[in-house]
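Written out below as structure tokens is the structure these notes cover.
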Amino acid sequence: MENIIELNKDGSLIVPDTPVIPYIPGDGTGPDIWNATRLVLDKAVKTAYKGDKRILFKEIPAGEDSFKKTGEWLPKKTLEQIQKYKVAIKGPLTTPVGHGMRSLNVAIRQELDLFACIRPAKYIQGVPSPCSKPEDIDMIIFRENTEDIYLGIEWEAGTKEAKEVLNFINKKTSKNLDETTTGIGIKPISEQYTKRLISKAIQYAIDNDRENVTIMHKGNIMKYTEGAFLKWGYEVGKDEFKDSIITEQALWDLFDGNVPEGKIVLKDRIADSIFQQVLLRPAEYDVLATTNLNGDYISDACAAQVGGLGLAPGANMSDEVALFEATHGTAPKYAGQNKVNPGSVILSGVMMFEHLGWQNVADMIVEALQRTITQKTVTYDLERQMEGATKVSTSGFADAIINNL
Ligand code: NAP
């Protein structure tokens with residue numbers, strides 16, 4: 001078992017010098033960006049450790065390629081391998097249409113109970129941004145990954161099930177919903193799943209010396225789902241992190257807004273408000289914790305502030321398993337063109353190295369990426385926003401980063 005990452009009792013990782021890390025290349029543009037990423041990751045490890053450490057990448061099947069070869073979109077063995085090796089990385093996967101599966105990505109997250117989707121939005125020097133002070137942007141979003149509308153409980157208008165649910169609603173409320181023309185979706189939010197997500201977000205803030213955690217919600221309208229998420233979030237702060245947390249309310253009531261030494265501020269913002277806050281006052285937000293759908297929206301919006309989806313990394317985590325992946329999809333119109341930005345998967349690799357404790361490799365890649373962008377050698381998505389930049393292909397961008405390592 002010498003190449004397998006193990007866990008200590010406290011959940012920390014025991015990482016061998018040559019860990020096996022499974023990867024899924026992905027569909028559409030996935031293989032292009034994965035192949036480019038792999039070259040960068042391997043070269044960075046080699047440069048940092050001179051051969052003493054190495055990742056043993058191991059391909060595991062999922063998506064279109066897997067379906068063509070095995071008849072299965074998401075083989076059970078693939079999930080078992082991710083579970084076994086505890087850390088994996090993937091490219092984006094197509095959502096199969098008409099195969100009974102809502103989304104492969106959602107299926108992987110739910111099957112492995114990867115309950116926290118973690119997406120940083122941090123400005124890299126030289127990246128074009130629509131914001132006036134992009135250097136103030138250094139946020140990390142914790143998105144609940146297993147419930148909310150992503151559970152896929154919905155019924156089409158006119159079906160027997162939709163009619164039954166609508167009939168129930170009409171009987172129990174003063175509403176008079178049309179039972180034949182109305183579609184229905186259900187949004188479950190539970191105390192236990194909310195609390196484990198918010199606990200992880202606060203623990204991250206503590207471990208990484210962040211100043212505040214903001215619960216993003218739409219509790220003013222959806223009181224028993226989003227509103228409950230907010231209430232349970234504050235309960236976690238009070239019950240599990242009493243010594244580390246101060247609420248924004250207490251901060252102003254008792255300390256005139258001056259944060260006491262060693263305290264992290266726990267605050268909340270309504271979803272619509274946070275969208276303008278992250279644009280206008282990003283320096284006031286460190287860690288955001290939110291529900292599944294809110295997290296999907298806000299993470300793309302924050303990504304747009306720091307270079308767009310081509311530079312938007314992410315991780316899906318439980319307390320044991322971590323699966324790193326770009327925030328974006330397969331961008332099918334660019335498939336096989338060696339065109340799109342591999343930065344999103346490269347930065348997901350950076351998150352992976354941070355998770356492994358190989359911080360020097362992570363730092364080295366970020367520096368090389370930053371240097372490459374400052375030299376204005378970029379893929380099409382950044383080039384179209386920059387004056388006088390040189391447009392390079394996916395592999396060309398990886399080569400330029402490698403030259404800067
Ligand atoms: P998308 O693949 O995210 O692409 C939307 C647009 O984002 C692209 O047209 C492109 O913008 C930009 N973009 C995405 N990746 C980029 C990159 N690496 N470099 C530069 N620009 C990039 O969204 P979609 O077209 O709606 O979804 C396509 C498929 O992906 C669907 O089957 C969807 O279900 C799936 N999906 C998978 C995941 C996942 O695997 N985690 C996530 C989301 C969606 P421009 O057109 O402006 O160049």
Side-chain angles (χ1 to χ4, degrees), residues 95 97-117 141-201 213-240 247 249 266-276 288-301 316 318:
T95 295
V97 180
H99 286 276
M101 198 177 274
R102 193 159 290 259
S103 150
L104 289 181
N105 302 295
V106 174
I108 294 174
R109 293 169 194 161
Q110 290 181 350
E111 290 288 328
L112 294 171
D113 198 25
L114 304 176
F115 64 87
C117 178
I141 295 150
F142 280 69
R143 164 190 177 194
E144 205 291 323
N145 230 358
T146 58
E147 50 182 4
D148 198 352
I149 56 140
Y150 282 72
L151 274 180
I153 307 169
E154 52 178 3
W155 292 285
E156 196 177 352
T159 57
K160 181 172 154 287
E161 291 81 0
K163 282 181 189 160
E164 279 173 13
V165 177
L166 288 159
N167 184 268
F168 172 81
I169 293 169
N170 285 339
K171 275 194 188 139
K172 293 284 174 189
T173 69
S174 56
K175 314 273 182 251
N176 186 19
L177 302 174
D178 189 306
E179 292 178 20
T180 53
T181 61
T182 310
I184 279 287
I186 305 281
K187 177 184 175 78
I189 303 271
S190 70
E191 179 175 351
Q192 65 274 26
Y193 288 174
T194 297
K195 287 189 167 175
R196 67 178 178 173
L197 185 271
I198 296 199
S199 177
K200 206 169 184 62
V213 176
T214 304
I215 302 169
M216 170 189 175
H217 65 97
K218 191 68 185 166
N220 53 330
I221 302 297
M222 293 170 270
K223 298 193 188 307
Y224 303 122
T225 50
E226 300 268 334
F229 183 86
L230 170 67
K231 175 172 113 49
W232 292 321
Y234 275 118
E235 282 177 13
V236 172
K238 188 162 96 338
D239 297 343
E240 290 180 32
T247 61
Q249 175 90 41
L266 183 60
K267 52 188 177 180
D268 69 273
R269 295 289 180 272
I270 291 177
D272 32 329
S273 153
I274 195 78
F275 273 92
Q276 53 97 17
L288 305 183
T290 193
T291 52
N292 207 336
L293 182 62
N294 287 340
D296 194 23
Y297 295 156
I298 192 74
S299 54
D300 270 30
N316 298 290
S318 65

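In what follows, residues are counted from 1 in the order of the sequence shown.
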(Q) Taking side chain to side chain contact (heavy atoms under 4.5 Å, CB included) as the criterion, tell me which of Asn316, Ile141, Thr290, Leu197 meets it with Cys117. (A) Asn316
From [atom1] ([X]) to [atom2] ([Y]), nearest 0.5 Å:
| X | Y | atom1 | atom2 | result |
| --- | --- | --- | --- | --- |
| Glu144 | Ile189 | CD | CD1 | 7.0 Å |
| Leu293 | Ile149 | CG | CD1 | 4.5 Å |
| Asp268 | Gln249 | CG | CD | 9.5 Å |
| Ile184 | Glu154 | CD1 | CD | 10.0 Å |
| Asn105 | Gln110 | CG | CD | 11.0 Å |
| Ile153 | Glu161 | CD1 | CD | 13.0 Å |

Quick check: do [X] and [Y] have side-chain heavy atoms less than 4.5 Å from each other?
| X | Y | value |
| --- | --- | --- |
| Glu226 | Thr291 | yes |
| Thr247 | Lys267 | no |
| Met216 | Phe275 | yes |

Kindly give the heavy-atom pair with the smallest separation between [X] and [Y], and that separation in Å.
| X | Y | result |
| --- | --- | --- |
| Leu166 | Asp178 | CD1-O, 3.8 Å |
| Ser318 | Phe115 | CA-CE2, 3.6 Å |
| Phe229 | Ala289 | CE2-O, 3.8 Å |
| Glu240 | Ser199 | OE1-OG, 2.8 Å |
| Ile215 | Tyr234 | CD1-N, 4.0 Å |
| Thr214 | Arg269 | CG2-CG, 3.7 Å |

Q: List in chain and number order the residues that pass side chain to side chain donor-acceptor pair (under 3.5 Å) with Asp272, two or more places apart in sequence or in another chain; answer none if no residue qualifies.
A: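 Expected list: Lys218.
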Q.
If you count heavy atoms of other groups shown closer than 6.0 angstrom to OH of Tyr297, is the number above 12?
A. no
Q: List the steps and the verdict of side-chain contact (heavy atoms from CB on, under 4.5 Å) for Trp155 and Glu164.
A: CA-CA 10 Å; Trp155 292 285; Glu164 279 173 13; over 6 Å; no
Q. Just checking, Arg109 and Tyr150: is the charged tip under 6.0 Å from the six-membered ring centre and within 45° of the axis?
A. no
Q. Side-chain donor-acceptor pair under 3.5 Å between Lys171 and Asn167, yes or no?
A. yes
Q. After noting the C-alpha distance and the side-chain angles of Ile274 and Asn294, does the key distance pass the side-chain contact (heavy atoms from CB on, under 4.5 Å) rule?
A. CA-CA 10 Å; Ile274 195 78; Asn294 287 340; over 6 Å; no
Q: Given side-chain contact (heavy atoms from CB on, under 4.5 Å), test Asp113 with Arg196 step by step and report yes or no.
A: CA-CA 12 Å; Asp113 198 25; Arg196 67 178 178 173; 2.8 Å; yes
Quick one: does any side-chain atom of [X] pair with a main-chain N or O of [Y] as donor and acceptor, under 3.5 Å?
| X | Y | answer |
| --- | --- | --- |
| Glu147 | Ser190 | yes |
| Ser299 | Asp296 | yes |
| Glu156 | Gly158 | no |

Q: Check step by step if side-chain contact (heavy atoms from CB on, under 4.5 Å) holds for Asn170 and Lys175.
A: CA-CA 5 Å; Asn170 285 339; Lys175 314 273 182 251; 4.2 Å; yes
